[in-house]
Amino acid sequence: MTSSLDLPVQVGPANDPLLSVDDLRVRFASEDGPVYAVNGVSFELGASEVLAIVGESGCGKSVTAMAIPGLLPPTATVEGSIRLAGVDLLSLSPKELREVRGKDISFVFQEPMTSLNPAFTVGRQIREVLQRHEGLSKRAAQQRAVELLELVRIPAPQRRVDEYPHQLSGGMRQRVMIAMGVACGPKVLIADEPTTALDVTIQAGVLDIMRDLRTELSTAIILITHDLGVVADLADRVVVMYAGMPVEEAEIHELFAHPQHPYTNGLLRAIPHREKGVEEVARSRLAEIPGLVPSLRSEPDLCPFAPRCPRSTEICVSLRPPLEPTRPHHPTACYHPGEDS
Amino acid sequence: MGSYLVRRVGTSALVLLLASIVVFVGVRALPGDAALALAGEERDPAALAEIREKYGLNDPIVVQYLRYLGNSLQGDLGFSTRTGLDVSQIIVDRLPVTLELALLSLLVGLLIGIPAGIVAALRRGSWPDNVSNGFGLLGLSIPNFWLGLVLILVVSVQLRLLPASGYVPLLENPVQNLQRMVLPAIVLGTGLSAVLMRQMRSAMLETMSADYVRTARSKGLSERQVVLVHALRNSLITVVTVLGLQLGALISGAVITEQIFVIPGFGKLIVDGVFTRDYPVIQGVALVTVFGYVLVNLLVDLTYSFLNPRIRVSGAAS
Amino acid sequence: MRRFLRRRLSVFGLAVLVLIVALALFAPVFGDPGANDFAAVLQPPSAQHPLGTDDLGRDTLARIAHGARVSMQAGVLATLLAMAVGVPLGLIAGYYRGWADLVISRTTDLLLAFPFLILAVGLAAILGPSLRNVVIALGISALPSFIRVTRGEVLGLREQDYVAGAIADGARDVRILRRYILPNAISPLLVQATVTIPEAIIGESVLSFLGLGVQPPTPSWGTMLSAAQSFLSQAPLLAVFPGVAIALAALSFNLVGDGLRDTLDPKATR
Ligand SMILES: Nc1ncnc2c1ncn2[C@@H]1O[C@H](COP(=O)(O)OP(=O)(O)OP(=O)(O)O)[C@@H](O)[C@H]1O
Ligand SMILES: [Mg+2]
């Protein structure tokens with residue numbers, strides 16, 4: 001496998017992965033009974049690797065991501081294991097977990113407009129995390145906040161640092177969020193659709209920053225998106241999710257070249273001129289595939305994609321397919337894997 | 001900020017001007033002849049005509065209004081037709097009484113309402129939440145004058161713990177003053193605290209589910225910091241906006257509470273004025289009350305805009 | 001509806017409400033509220049007088065039942081009056097905006113500049129004490145909330161595509177207001193009504209208590225409390241029953257209102 005990307009990362013069972021998520025399950029209690037939002041997600045993330053999680057809206061990307069630093073609301077029940085450098089985060093006390101949040105794992109949320117507190121200056125909000133984890137004085141933290149704003153290429157950082165979120169545009173707010181995210185040099189940065197809410201022109205700028213940061217800071221990134229262009233741009237590896245489950249996982253060029261799962265095939269087919277390569281794909285988005293997304297009211301015991309799947313047979317609706325390699329380093333949860341002809 | 005301030009002050013001034021017209025016209029609309037009221041025992045038509053002339057009651061209504069406005073602005077609110085005392089002086093005497101009652105009640109209201117609202121929101125569905133909600137509903141439903149009666153009945157008549165009524169000036173004897181103010185302040189304060197509790201609870205529930213609270217958690221801040229720094233500040237901004245309106249309820253409550261506990265404050269003054277048809281007193285008290293109410297609401301708004309950077313700092317992007 | 005029924009407290013409120021309405025409707029069953037019996041004044045509860053008698057030997061239960069009529073009338077009529085005037089004004093202000101809005105909104109500000117009881121006492125003094133005038137005074141006091149709620153709703157709905165579309169199609173204003181705007185504004189208005197009614201019920205009792213409302217011998221919960229004030233040590237229960245009645249009436253509306261709010265707007269965090 002040859003990669004045109006700068007950072008080919010070797011992740012094998014030999015190395016102890018930075019972050020490993022194993023059989024993650026998340027269930028929400030709601031008025032109308034339980035919601036099975038995530039049903040057995042497993043993946044590994046190596047140091048300074050970029051892993052993309054893709055899938056259509058509601059497939060459980062954000063829930064998976066938020067489960068990692070324990071940010072889900074109390075209505076959620078989380079099972080499985082989440083290990084950061086060998087430490088099971090699910091077994092940590094709330095106090096120990098707070099040491100990890102913002103320091104080892106930080107988060108950039110989907111909603112730049114509402115994720116900053118309107119009552120405080122952005123400087124104060126960046127300072128807060130520095131003072132919390134680095135024990136910096138207010139003065140030193142303020143100085144550092146300016147540097148961080150500069151790092152995410154906010155013009156006139158000296159002035160902006162004392163401004164309130166409402167004085168900044170959406171793109172700038174998201175950069176502030178990123179600055180806050182990388183402030184303490186985290187091992188893992190989770191970026192949940194960092195550009196989805198932004199204008200196309202602004203998206204590119206934010207993505208550039210993310211790309212530079214990964215080289216400069218050697219932070220591992222979990223990038224959540226439904227924009228395949230972003231995936232092609234930034235990611236080393238991709239996990240495709242469907243209805244709360246991973247259905248396929250592969251290194252990026254492998255996935256684009258040899259998609260195995262019919263759902264992935266559908267996603268890629270929806271993009272015109274795929275054969276022209278990654279660059280062409282860059283500005284396309286996951287298209288809607290016809291059919292209904294299954295309800296998450298019960299735990300799935302069959303292939304969740306079966307109702308929409310052209311390859312569906314009897315076994316698909318009687319037993320849930322396991323996630324197993326169908327090509328080298330390329331697991332797929334499907335009884336009928338392979339590329340569409 | 002500057003233009004907002006000017007606009008807000010302008011609106012208040014306009015409202016006050018209109019309110020003065022309403023008070024003026026309203027008092028003219030009260031049943032009974034003003035001249036007759038001024039005359040007291042005098043029933044001689046010639047004497048009445050003389051009074052009309054003397055008080056300018058024959059002048060066009062607009063002239064009368066302007067004269068009244070001019071006098072009011074100079075602090076001349078006329079004389080009580082019943083006691084002959086200077087209305088401004090009566091008001092200056094009575095105002096501190098009501099202010100003390102209002103401040104004590106506000107204290108009771110805030111001390112109970114705000115913490116109860118916070119706890120109820122943070123422990124949603126728990127017994128403190130249920131107790132607070134029950135308290136809030138009862139507070140909305142129980143008329144405060146009845147609560148006053150019941151307290152007098154239990155605390156003063158049955159248990160003989162505190163005097164049921166009367167007033168001793170604060171400077172004369174602080175202990176006796178407080179003994180007599182405790183029950184009225186509780187009566188007025190609990191009603192207020194019920195409303196504040198409900199507002200604080202819903203504001204807190206809203207801010208606690210806000211995205212920026214999640215951001216604060218993602219930084220590894222303690223739950224205490226998340227609540228006290230990030231959620232509370234924004235919830236208080238919401239509650240402050242409605243505090244001004246609550247002051248209207250407080251004034252209304254003071255009127256009737258003073259009546260029950262026989263406290264010689266503002267509220268008692270206006271009710272007594274209505275019964276004795278003491279028009280200058282009604283007019284003066286109504287005017288001063290409205291003035292104070294509008295002024296306080298203005299102050300609340302300005303405080304709010306100071307707390308809320310969105311208004312304080314008008315931004316380039318907004 | 002299911003949502004509403006799931007809230008036990010709201011169902012309890014509804015039950016109490018039905019009970020009070022029944023009490024008001026069948027008030028004569030409980031006897032003549034004016035019949036005095038000087039041989040039995042200030043009696044404690046007994047088989048003959050379940051809630052005792054007052055200082056003139058009148059049966060408290062009969063007076064409470066007749067008082068329910070006054071309270072319900074005052075609460076409902078004042079609210080209807082405020083709606084009848086406030087909703088059209090709010091519609092005009094929100095729909096036409098411009099000058100009409102300016103005048104109506106400033107008038108609302110003006111009304112709001114008078115604390116409720118100052119306004120009500122003033123109006124009651126001008127109009128004279130009677131149930132009708134209490135209703136008018138309470139109705140005017142409640143006016144600003146209805147104007148504001150309606151205006152706010154219309155401003156929001158105007159921006160909706162289907163309304164904007166209808167306006168662009170040249171539909172007549174009255175038709176747009178009736179067909180598109182009013183039906184969508186019903187829920188918040190209904191919720192506002194359930195807030196206003198208990199306020200008006202309490203307002204009536206306050207005015208009557210002060211002697212500015214319903215006049216004796218007509219029984220009203222407020223006048224009953226006012227009379228009971230003089231006999232606190234001899235007959236404390238006289239001051240208890242009417243107050244409980246007011247509190248229950250107001251509570252029932254507040255509970256029903258909370259339930260309605262939850263049902264009509266499930267997203268709201270109460
Ligand atoms: N707090 C919650 N309570 C109940 N259900 C929830 C909660 N949060 C998320 N869900 C459900 O979990 C499922 C997955 O949601 P999630 O936010 O992870 O989707 P997503 O893949 O991030 O979608 P999007 O691309 O729209 O962000 C959805 O069906 C959602 O309704
Ligand atoms: Mg999401």
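Numbers restart at 1 for each chain; the letters A, B, ... are given by sequence-line order, proteins then strands. Computation of the quantities below employed the complete heavy-atom set of this structure, encompassing side-chain atoms and omitting hydrogens, waters and symmetry-equivalent molecules. All of these numbers come straight from a predicted model, not from anything done at the bench.
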Exercise for the section: Would you please indicate yes or no on a ring centroid separation below 6.0 angstrom for Phe107(A) and Phe109(A)? Expected result: yes
Problem - Interface moiety of Val229(B) toward chain A, non-hydrogen atoms closer than 4.5 Å - result: both
Handout entry: Side-chain heavy atoms of Arg214(A) within contact of Val50(A), under 4.5 Å
Key = yes
Handout entry: Selection from Pro73(A), Gly102(A), Ala183(A) maximising heavy-atom pairs under 4.5 Å formed with chain B
Key = Gly102(A)
Problem - Met113(A) versus chain B, the contacting section by heavy-atom distance below 4.5 Å - result: neither
Fill in the blank from the handout: Checked Met180(A), Glu99(A), Glu163(A) vs chain B; the most non-hydrogen pairs under 4.5 Å come from Met180(A)
Handout entry: Side chain / backbone / both / neither for Ser222(B) at chain A, heavy atoms under 4.5 Å
Key = both
Exercise for the section: Answer with yes or no whether the side chains of Thr238(B) and Gln199(B) bring together a donor and an acceptor at under 3.5 Å. Expected result: no
Exercise for the section: Name the region of Gln125(A), side chain, backbone, both or neither, that has any atom closer than 4.5 Å to a heavy atom of chain B. Expected result: both
Problem - Contact origin within Pro118(A) toward chain B - heavy atom pairs under 4.5 Å - result: both
Handout entry: Under 3.5 Å side-chain donor-acceptor pair for Glu128(A) and His230(B)
Key = yes
Practice task
Let me know if Met172(A) has heavy atoms under 4.5 Å from chain B in its side chain, its backbone, both or neither.
Solution key: neither
Practice task
Could you walk me through whether Ser12(B) and Arg8(B) pass side chain to side chain donor-acceptor pair (under 3.5 Å), step by step?
Solution key: CA-CA 6 Å; Ser12(B) 297; Arg8(B) 188 63 189 77; 2.8 Å; yes
Handout entry: Donor + acceptor pair across side chains of Arg7(B), Thr11(B) (<3.5 Å)
Key = no
